[in-house]
Amino acid sequence: MRTQRQVVDYSLQKRAVLRELLTGRIGTYDVCDASPYLKNAARFHGEPTDERCPICRSENLIHVHYIYGDELKQSAGQARTRAELPVLAMTLREFQVFVVEVCPGCDWNHLVEQFLLGRDGLVGTEDAAEQEAATGSTPRRRREAQR
Ligand SMILES: [Zn+2]
C-alpha cells in the first residue's frame, strides 16, 4: 500500500515468545488465548495466509487488521478486510493499522506489525509509488514477514 509508513515489525517478539514456549518457561495456555471477538474478526474480516500456525501446525494463520485513529470516530478499533484499507487510506489523512495473526485451530495469536496509512503519506513519496507501480513488486518487508 503506497501510503504505508512508520512500520513496526513484531517478528522478533514473536520469535522470543516461541523460544520461551520451547524451553517451557511459558505454556501454550499463555499464548493460545484468542478472545471470541478476535476469532469472530478473523472469521469475517480476516486475510488468510499461507503460513502454518507455529503452535499446532494444523491450520494456516489468519491476519486481522484493526484500525485506530481520531478520524475514524466510531469505527476506531474495528477490524477491516485488507481490501478495504487502500480505500480508507485515500479518504482519511492518517490512521493506525495493527495486524494480528490468529490460528483458528488452537487460538494462538500475536501482533505481526503496525503501520500508518492515509493521504498524509502521499506527500513526497510520488517517486517511490511510481517505481513500485512500474516494477509491480510487492514491498520486500511483506515477503520477509511471511518467512
Ligand atoms: Zn494453531
Side-chain angles (χ1 to χ4, degrees), residues 1-121 125 128-129 131-133 135-147:
M1 270 166 276
R2 56 189 287 200
T3 68
Q4 189 181 42
R5 56 201 185 270
Q6 294 186 30
V7 181
V8 182
D9 185 347
Y10 289 95
S11 52
L12 280 179
Q13 286 85 341
K14 176 179 163 181
R15 251 173 274 166
V17 168
L18 295 176
R19 229 178 2 249
E20 299 246 290
L21 267 175
L22 275 177
T23 57
R25 287 174 63 191
I26 55 171
T28 51
Y29 49 82
D30 292 315
V31 291
C32 298
D33 59 352
S35 72
Y37 301 105
L38 179 53
K39 287 196 280 184
N40 268 335
R43 194 174 308 138
F44 296 112
H45 309 286
E47 184 78 16
T49 72
D50 297 330
E51 199 184 337
R52 278 282 165 190
C53 171
I55 309 299
C56 68
R57 301 201 179 275
S58 64
E59 302 269 356
N60 282 357
L61 297 172
I62 298 172
H63 282 178
V64 182
H65 298 77
Y66 284 105
I67 53 172
Y68 290 90
D70 294 340
E71 291 174 83
L72 293 162
K73 306 209 163 61
Q74 72 273 16
S75 299
Q78 290 182 357
R80 283 286 190 273
T81 63
R82 197 168 188 283
E84 288 176 280
L85 296 180
V87 181
L88 278 171
M90 287 300 115
T91 48
L92 299 172
R93 292 184 59 196
E94 183 174 291
F95 60 101
Q96 186 88 43
V97 181
F98 289 87
V99 185
V100 179
E101 64 178 33
V102 190
C103 172
C106 71
D107 293 354
W108 154 261
N109 60 102
H110 199 274
L111 190 57
V112 176
E113 62 176 357
Q114 70 178 72
F115 50 84
L116 286 179
L117 285 181
R119 281 188 286 119
D120 276 5
T125 61
Q131 208 176 355
E132 194 181 307
T135 57
S137 67
T138 50
R140 194 162 52 90
R141 185 177 47 246
R142 189 169 152 74
R143 285 205 301 274
E144 280 176 358
Q146 285 174 342
R147 252 190 248 138

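Whatever order the structure lists them in is the order used to number ligands and atoms, beginning at 1.
Protein N/O/S atoms closer to the Zn ion (ligand 1) than 2.8 Å number 4 in this structure.
Residue pairs satisfying the ring pair (Phe, Tyr, Trp, His ring centres under 6.0 Å) criterion with at least one member in residues 18-45, sequence neighbours excluded, are absent.
Side-chain contact, N109 with D33: a donor N or O sits under 3.5 Å from an acceptor N or O.
When side chains are defined from C-beta on, T28 does not count as touching W108, because their heavy atoms never get closer than 4.5 Å.
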Please tabulate, for side-chain N and O atoms in residues 16-24, each donor-acceptor pair with protein atoms closer than 3.5 Å (sequence neighbours left out).
unit_1, atom_1, unit_2, atom_2, d
E20, OE2, R25, NH1, 3.0
T23, OG1, R19, O, 3.2
T23, OG1, E20, O, 3.0

Give the table of side-chain donor-acceptor pairs shorter than 3.5 Å for residues 67-75, with sequence neighbours excluded, one pair per line with atom names and distance.
unit_1, atom_1, unit_2, atom_2, d
E71, OE1, R93, N, 2.9
E71, OE2, R93, N, 3.3
E71, OE2, E94, N, 2.9

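One finds no salt bridge joining K39 and E59 here, because no Lys/Arg side-chain nitrogen approaches an Asp/Glu carboxylate oxygen to under 4.0 Å.
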